[in-house]
Amino acid sequence: MLLSELNKEIRFIKGVGEARARLFHKLNIYNLFDLLTFYPFRYEDRRNFTKIINLQKGIGQTVLAEVIGYDEFYSSRGRVLKILVSDNTAVLSLICYNRNFLKKILLKGMKVFLFSNKFEYKYRQFQTSEFDFEIFDEKGESNINLHTNRIVPVYHTTEKLSVKMIRKLIFQELEKLREQMDDPLPAYIRKKYKLKDFAVCHYKIHFPSDLKEIEIVRQRLAFDRFFFLELMLALNKHKTVLIEKKQNYIKENTVKGFVQTLPFELTNDQKQVIQEIFGDMKDKKMMNRLLMGDVGSGKTVVGLLASLLACENGYQVCLMAPTEILASQHYQTILQYLKGFSGVPVVLLTGKQKSKEKEEKLKAISNHSGQIIIGTHALIQEDVRFNNLGLVIIDEQHRFGVRQRALLHLKGDTPDVLVMTATPIPRTLALTVYGDLEISMIKEMPPGRKPAVTKWFSQTQMQKVYQLLEEQMRDKKQVYVVYPLVSESDKMDLKNAEGMFQTFKEKVFNDFRVGLIHGQMKKDLKDNTMDEFRQGKIDLLVATTVIEVGVDVANASVMVVEHAERFGLAQLHQLRGRIGRSDIQSYCILITSQRLTNEARMRMRAMVNFNDGFKLAEVDLELRGPGEMMGTRQTGLPDYRPADLIKDTKILQAARKEAFELIDRDPQMQGFPVLEKALKTEFHERLNLVQVG
Ligand code: ADP
Ligand code: MG
C-alpha cells in the first residue's frame, strides 16, 4: 500500500532538497502527489530523426549525431563554445553561450540525441543555440531517453526550474511507484466504465508511448478528479443533513431599519435572493448557498443584509475575500453602508498586519467585540478564534475551493455558509460542481448603469488610445491600464507594468497623476495606492490583474487591457466589470498584437459584441470545445486538471452519480478502505473536516 507515500514532502524527494523545494512551492507542488499530478500542458513528438542536411527552420526536430570536435568564436558576449556534431549528411554547430561545461559532458566520439525548435542555417552552417540533448547509450541498458527519442512531456515552469529537471524527477518517482500503487477506485466502477489502471494511467499521462493513448488515460484521471470532488460534496451534504444547527433567528429590526437608510431601492432580484437566504438562515438545517450574479449586480449589499441579521441575533459573521485589496475594499464599503449604525463593529484582518495590531484584532474576534470580521485566507488560520460564528460569507468562490469552505466550517460549530460568485457558470454545471449548494441568482442590474463600449485595437494604434485616455482624464475621469501576469512571479511581465508606469509618468502622461499596483507590492503600499485611486488622487492606474475582481471605483471610465489576447473571456469580462458602474459613459479598450490565433480573434470579437456575462460564458464554452488538449485556466472556472469542466461533462456526471450512490450506501466507506485512504491522501486536510466516522 503505497498511496500514503504520495504525501511525502517534495523536499525529501531524491534530487530536490530545500532550495529546489522552494521553487517547486511556487508551482504549487508541495508533495509527491502534487508532483505526479503536475500534468504536462503539451507533448512534443521527438521520435523521428531528421538528417542534419534536411533540417528546417522553425519546427521541432530531433537529430541523432556524433560529437566530432569543438570550436570557438568571439561575440559581444565574449568567448563562445561551439560543439560540432555530424551524422554523415552534414555538420551541425551547437552554440553554447555560458555553457562551457558542456565540453566536459559531450565528449568527442559520443553519440547524442539533440532536440530543438530552433535549428537554423546561418553563416553557411546548420546551427542551434537552444537545444535539449541526451547521450545515446549504445548498450541500451540505461538508455531511457527521457528528453528525446520519445513523446516528451512539456511542463509549465518557473525561471529557475528547468522542464528537464521536472521531467527527470517525475520519471524517477513514477518508475518507483509504477508497480506498487493500489487502485483507489472501487473495482466495480472501473469495470463499469472500462477505466484503465491507476498507476498505468499516471505513468502514461506523462510518458505516453503513443499519442492516441494520451486521451484514454486522461479520461481515467479526469474521472478520478471528479470522483474525489463529488465524494467530498457527497460527504459534506451527508454531514449537513444530519446535523441540526444551533443558531436561532428571531429578531429582524436592524435589517428593516438598515434597508430604510439605503440610498437606493433594492432590485427585485436582490429582494428575491435575500428572501431565499433569510429562509435558509431561519431553517434548522445549515445554509449552504451559492449566490451568483454578474459583476456589478449588487451582491455586497445582499451579503451585508444577511450579516446584519446574524449580528442582531447575537452571532458573528466572517466575510472572506480572495485578495487583500478586495478585503479592505469590502471593509471600506461596509463601513460606508453602516455609517448610521453604531453597534455593529467591523474588524479587518489580513495576513500582513503588524503583530500588535493583529493581536488586538484577534482578541476582538475571540471576545465578540468584533461582529463582522472581514479578511482573506488569514481568517482560516488557526490562531483565529471566533466567538459564536453564525454566518460565513465567501466572496468570489472560484478563487477558493471546497477545502477553504470546509476549513471555515471548523471555525464555528454550525455556521451558515453563503458563497458569492460573479463567475457565470451555466446552471447545470454549477449544480454539479457546487453540488452541495443551493443556488440563488441575481440577473438584473441596478438601474441607471450605462454599459461600457468595448473597442479592439492593435498595438500600432496606441496613439488613438492615448488620446482617448487624455480626453477622459482631462474630463476628471480615472483610467486603468492593465498588463498581464502569467503568475505573480513572472518577472518579464512585471517589468512590463513597472516599465510602462515609468513611461507614462515621465513621458506620455506627465501632466497627470500616475499610480502603479501589482501583486508583489507590500500590502501597505497596495492599500495606499488603492485608497488614493478611490479618492481620485490618481488619474491613471497601471495595474496587473490584482484589480481583476470586485474593485469598485465609480468614477473610473476607461479600462485598457494590453496583450488582451493573453486573457481568457471570463477574465476580460471581470476586468471590464471594473468600469461602467455608474451613468457615465465608459470604455473598455482591448489591445492585441497583430498576429493572433483564430480563437483569440473570436474572443476579442465576443468582447466587443456582448456585455452579458452569461452570453460570454456560452461563447467561451463553444470556443473551448475541442480546442485545448488540457484544461486552461482561462474560463475562470475552477481548475480540475487533467479534467476539463466543459469537455468532460459526461465523465463529471458519471463520477457524480457513482460518488453520491456510494456515500448513500456506505457513508463511512467501510467497504472501500483503499478509496478512503486515497481520499485522505488527496484531501487529507479536507477530510478531517468532513469527519468521516
Ligand atoms: P457585485 O455584485 O459585483 O459585488 P457590488 O455589490 O459591488 O456588485 O455593487 C456594485 C455597485 O452597485 C455598488 O456601488 C453598489 O452600491 C451599487 N448597488 C447595489 N445595489 C443597487 C441597487 N439596487 N440600486 C442601485 N445601485 C446599487
Ligand atoms: Mg463584489
Side-chain angles (χ1 to χ4, degrees), residues 255 258-277 289-308 319-323 325-341 346 372 374 393-400 418-425 439-452 478 480 530 533-536 545 547-557 559 570-584 586 588 611-614 616-617 636:
V255 175
F258 174 73
V259 173
Q260 302 297 318
T261 69
L262 281 175
F264 48 73
E265 166 124 22
L266 293 169
T267 64
N268 286 332
D269 278 5
Q270 282 171 321
K271 286 183 192 155
Q272 169 71 29
V273 301
I274 288 164
Q275 259 186 17
E276 290 167 358
I277 292 166
R289 188 169 283 275
L290 177 68
L291 172 57
M292 284 164 71
D294 211 341
V295 240
S297 61
K299 296 183 291 293
T300 315
V301 71
V302 172
L304 181 56
L305 283 167
S307 307
L308 291 178
L319 169 60
M320 197 159 81
T323 66
I325 293 183
L326 274 180
S328 48
Q329 183 177 286
H330 271 310
Y331 178 68
Q332 311 278 351
T333 312
I334 285 175
L335 285 187
Q336 189 68 28
Y337 271 127
L338 288 178
K339 254 187 180 156
F341 278 77
V346 186
I372 299 180
I374 302 174
I393 302 178
I394 306 175
D395 192 16
E396 310 294 357
Q397 157 76 13
H398 65 279
R399 293 302 172 96
F400 295 104
L418 177 66
V419 179
M420 307 198 291
T421 180
T423 308
I425 314 168
I439 294 181
S440 292
M441 239 194 254
I442 307 182
K443 288 201 214 82
E444 70 185 312
M445 286 286 175
R449 296 283 171 85
K450 220 182 222 163
Q478 291 161 282
Y480 299 99
M530 225 38 239
F533 191 69
R534 216 171 276 130
Q535 293 162 18
T545 48
I547 59 144
E548 177 191 339
V549 198
V551 171
D552 188 8
V553 178
N555 189 47
S557 68
M559 167 64 66
Q571 237 179 342
L572 290 172
H573 182 62
Q574 281 282 344
L575 284 168
R576 181 169 59 188
R578 303 301 112 235
I579 54 169
R581 305 200 133 227
S582 66
D583 56 358
I584 61 176
S586 59
C588 173
N611 255 315
D612 169 13
F614 279 89
L616 284 172

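Start at 1 and go down the list; that is how both ligands and their atoms are numbered. Because the structure is a prediction, the values reported are computed rather than measured.
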Proximal atoms of ligand 1 relative to [X] (non-hydrogen, under 4.0 Å):
X    : result
T300 : 4 (O), 5 (P), 6 (O), 7 (O)
T267 : 23 (N)
E265 : 22 (C), 23 (N), 24 (N)

- How about K443: does its NZ atom have over 12 heavy atoms from other parts shown lying under 6.0 Å from it?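 Not more than 12 within 6.0 Å, no.
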Does only the side chain of L266 get under 4.0 Å from ligand 1, or the backbone, or both, or neither? Count heavy atoms.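 Backbone only.
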Using a heavy-atom cut-off of under 4.0 Å, does the side chain or the backbone of Q270 touch ligand 1, or both, or neither?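 The part of Q270 near ligand 1 is the side chain, not the backbone.
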| Do ligand 1 and F264 have nitrogen or oxygen atoms that lie under 3.5 Å from each other? |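 Min N/O separation from ligand 1 is not below 3.5 Å for F264.
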- Test of proximity, G298 against ligand 1: N or O pairs below 3.5 Å: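 Checking ligand 1 against G298, an N or O pair does fall under 3.5 Å apart.
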Exercise. Does ligand 1 have an atom that lies less than 4.0 angstrom from a heavy atom of M420?
Worked result: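 The answer is no: ligand 1 sits nowhere under 4.0 Å from a heavy atom of M420.
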Review point. Looking at ligand 1, does G293 have a heavy atom less than 4.0 Å from it?
Key: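 No.
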**Report entry** Reported OG-to-CG distance for the pair S440 and D269, which is rounded to 0.5 angstrom
**Finding:**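 Reported to 0.5 Å precision, the distance equals 10.5 Å.
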query: What distance do T421 atom OG1 and I394 atom CD1 have between them, rounded to the nearest 0.5 Å?
result: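 Separation between the atoms: 11.0 Å.
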Salt bridge or not for R449 and E444, using N-O below 4.0 Å?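 Salt bridge absent between R449 and E444.
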### Message
Which label fits F533 and Y480: parallel for a plane angle under 30°, tilted from 30 to 60°, or perpendicular past 60°?
### Response
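The rings of F533 and Y480 sit tilted, inter-plane angle from 30° to 60°.
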Mind running side-chain hydrogen bond (donor to acceptor under 3.5 Å, both in side chains) on Q272 and E276 for me, showing each step along the way?
-> CA-CA 6 Å; Q272 169 71 29; E276 290 167 358; 2.9 Å; yes
Measure from atom 17 (C) of ligand 1 to every heavy atom in Q574, R449, R581 and give the option owning the shortest one.
->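 Heavy atom nearest to atom 17 (C) of ligand 1 belongs to R449.
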Quiz item: Of the non-hydrogen atoms in I439 and R289, which two are nearest, and what is the gap between them?
Solution: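 That closest heavy-atom pairing would be O-NH1, 3.5 Å.
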